Amino acid sequence: MSRVLVGVKRVIDYAVKIRVKPDHSGVVTDGVKHSMNPFCEIAVEEAVKLKEKKFIKEVVAVSCGPTQVTETIRTALAMGCDRGIHVEVSGKDYEAMGPLQISKIFAALAKKEEASLVILGKQAIDDDCNQTGQMTAALLDWPQGTFASEVTIDGEKVKVVREIDGGLETIKISMPAVLTADLRLNTPRYATLPNIMKAKKKKIANMKPADLGVDEPPTRLAGVKVETVDDLVAKLKANGTI
Amino acid sequence: VMFNGLCLKGFWLYSVCAMRDTILNSHLAAAHGLSDEQKEFQKMAFDFAAHEMSPHMAEWDEKEIFPVETMRKAAQLGFGGIYVQPEVGGSGLSRLDTSVIFEALSTGCVSTTAYISIHNMCNWMIDTFGNTEQREKFCPELCTMDKFASYCLTEPGSGSDAASLLTTAKLEGHHYILNGSKAFISGGGDTDVYIVMCRTGGKGPKGISCVVVEKDTPGLSFGKKEKKVGWNSQPTRAVILEDCHVPVTNRLGQEGQGFNIAMRGLNGGRINIASCSLGAAHACVQLARDHLLVRKQFGEALSNNQFLQFKLAEMATKLVASRLLLREAAVALQESRSDAVSLCSMAKLFVTDECFNICNQALQMHGGYGYLKDYAVQQFVRDIRVHQILEGTNEVMRMIIARSLLSESG
């Protein structure tokens with residue numbers, strides 16, 4: 001039971017008033033305050049707690065994106081992660097990137113690093129996809145404990161209490177596994193001044209998706225607008241979807 | 001129009017917390033010129049201020065609560081001895097790091113941050129001038145804030161003329177017998193460790209020594225808790241010494257070195273207090289800006305009014321100028337530059353004056369609402385008013401600067 005990968009995403013800070021760009025192509029991100037996705041903070045906290053309880057030896061913080069995401073990795077290091085991995089993706093590729101590509105990257109890293117657990121936030125507060133954890137588990141063919149509000153390691157298994165629509169569900173899954181953190185899993189710690197200083201010395205490895213055998217995301221195709229539900233059904237039948 | 005109290009309170013909490021979001025991005029950006037590490041310190045301090053302090057700022061003021069648990073949480077993050085050496089439990093950071101941290105914390109509560117800065121100053125004095133036994137005895141518990149400290153220099157008869165202090169310390173065997181009283185002591189009565197400047201020798205600064213008096217020492221008592229305009233989250237009392245026996249081993253440094261120790265402590269203290277003013281002013285500029293965008297009169301938002309636009313621009317300009325001077329003084333002190341004392345005095349003078357004006361103007365921009373305790377701006381004004389007075393009045397700052405300019409080497 002040695003290593004945990006934690007995904008951390010750099011997103012626009014939750015308290016910022018979001019503004020749409022004048023050309024309506026997206027939201028304003030230049031000069032806007034960014035921070036670690038709150039659910040990723042909870043994921044980091046859980047991983048660091050597991051290490052403090054001596055269930056795991058090493059926590060590796062991973063983020064995908066341009067140079068600025070190293071700030072987010074540093075924050076994870078200051079919270080107690082041991083080292084970081086920056087998977088560099090910039091510009092148009094970064095804008096086109098979505099959960100499927102991220103999951104491919106995480107799946108490749110999980111194998112490469114021989115991780116016992118991959119812990120992610122349940123969703124990011126910018127796109128609210130809630131897909132990366134599930135897709136990563138599917139690509140790895142690992143069990144998944146999503147929307148976790150309580151995690152207990154029991155030998156080679158993990159007991160996960162999940163927050164679901166009907167209430168709370170408890171499952172027991174084998175490791176290696178993918179977990180996604182929900183709001184009530186824990187309260188993330190503040191980085192301490194000494195830990196912020198120690199984080200400076202921790203290593204952040206740099207790599208590209210291609211180094212992990214992951215392709216560039218496909219160009220996003222335009223959709224088609226239809227007038228009625230009947231048209232929609234007809235089109236879906238025509239292209240073989242249903 | 002009358003809003004119900006709940007609506008206003010909600011608005012205030014929102015504005016105090018929401019202003020944090022753009023503090024690091026506006027053109028007042030407090031993060032410019034800082035290293036990545038300093039930006040991390042700053043971010044952490046802002047987060048702590050927004051979540052642990054600003055929701056309680058009004059209550060601590062109204063109920064005069066000394067927030068021991070919150071300060072101990074801050075100490076766990078390293079805020080108990082920011083510029084104290086790591087080997088006795090401190091964080092070992094620079095004066096500039098410290099200024100950045102206090103500026104950020106102050107946006108959450110000026111009064112509490114100011115007390116934390118006084119505690120840090122006392123901790124540093126023991127760390128710097130104490131011998132090994134004293135440092136090991138006092139500093140670790142001050143760094144964790146298991147114990148709290150107070151700085152005792154001012155007396156009823158000696159404020160600006162600090163060197164004329166009358167508290168005597170007569171040597172008898174292995175003890176000094178202290179007699180006298182100190183006035184306006186921050187934390188007095190609720191703290192554990194008192195750094196007392198007292199007279200062991202003749203008149204003037206060279207007759208003054210510095211001793212550490214511990215709580216519950218017989219002969220140590222306190223006056224009534226003062227009722228103040230601001231700084232209400234820290235108790236202020238007179239400290240009374242009547243045949244108070246203090247072991248000679250509690251003296252910091254040499255006899256006659258006390259005034260020098262006190263002044264060296266204050267150089268850093270002045271940077272810290274000015275940093276608190278800066279944080280308050282930044283918060284107020286943000287609050288004023290938000291209010292101007294929302295409040296409408298004469299059919300349009302106040303932000304369309306040229307006078308208010310110009311006023312806001314002046315406030316922002318003075319804020320940025322203040323910050324630059326203060327950070328330069330912090331660096332000068334860290335590097336022990338020959339102009340450090342003068343620069344610290346200039347920074348304290350300029351920053352506390354300008355920032356008070358900024359906060360006061362922000363209050364004015366709020367109109368009638370600025371005068372209500374439901375709105376944070378009045379608390380920032382009340383809390384930082386005293387920064388122009390303590391740790392050396394702004395008049396004394398002028399004396400120090402003038403002396404330095406007119407001296408033979410100046």
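Computation of the quantities below employed the complete heavy-atom set of this structure, encompassing side-chain atoms and omitting hydrogens, waters and symmetry-equivalent molecules. Note on naming: letters A, B, ... go to the chains in the order of the sequence lines (proteins, then strands), and numbering restarts at 1 for each one. On a predicted model such as this, the values are computed, not experimentally measured, just so you know.
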Distance col, row A:Thr70:OG1 vs B:Asp36:CG, nearest 0.5 angstrom, shows 7.5 Å

Value rounded to 0.5 Å, distance of NZ in B:Lys39 from OG1 in A:Thr75: 12.0 Å

Report, as yes or no, whether the 6.0 Å neighbourhood of atom CD on A:Glu114 holds more than 12 heavy atoms from other residues, nucleotides or ligands. no

Does NZ belonging to A:Lys21 count more than 12 external heavy atoms closer than 6.0 Å? yes

Mark yes when over 12 heavy atoms from residues, nucleotides or ligands other than B:Lys73 sit less than 6.0 Å from its NZ; otherwise mark no. no

Are more than 12 heavy atoms, taken from residues, nucleotides or ligands other than A:Asp23, located less than 6.0 Å from that residue's CG atom? yes

Side chains of B:Gln76 and A:Thr192 in contact at under 4.5 Å (non-hydrogen atoms): no

Distance in Å, A:Ile196 CD1 paired with B:Gln38 CD, rounded so as to fall on 0.5 Å steps: 11.5 Å

Between A:Tyr190 and B:His51, how do the two ring planes meet: parallel, tilted or perpendicular, split at 30° and 60°? tilted

Distance in Å, A:Lys17 NZ paired with B:Asp290 CG, rounded so as to fall on 0.5 Å steps: 4.5 Å

How long is the straight-line distance from CG of A:Leu193 back to CZ of B:Phe41, given to the nearest 0.5 Å? 6.0 Å

Nearest non-hydrogen partners of A:Ala191 and B:Leu77, listed with the distance: O-CD2, 4.0 Å

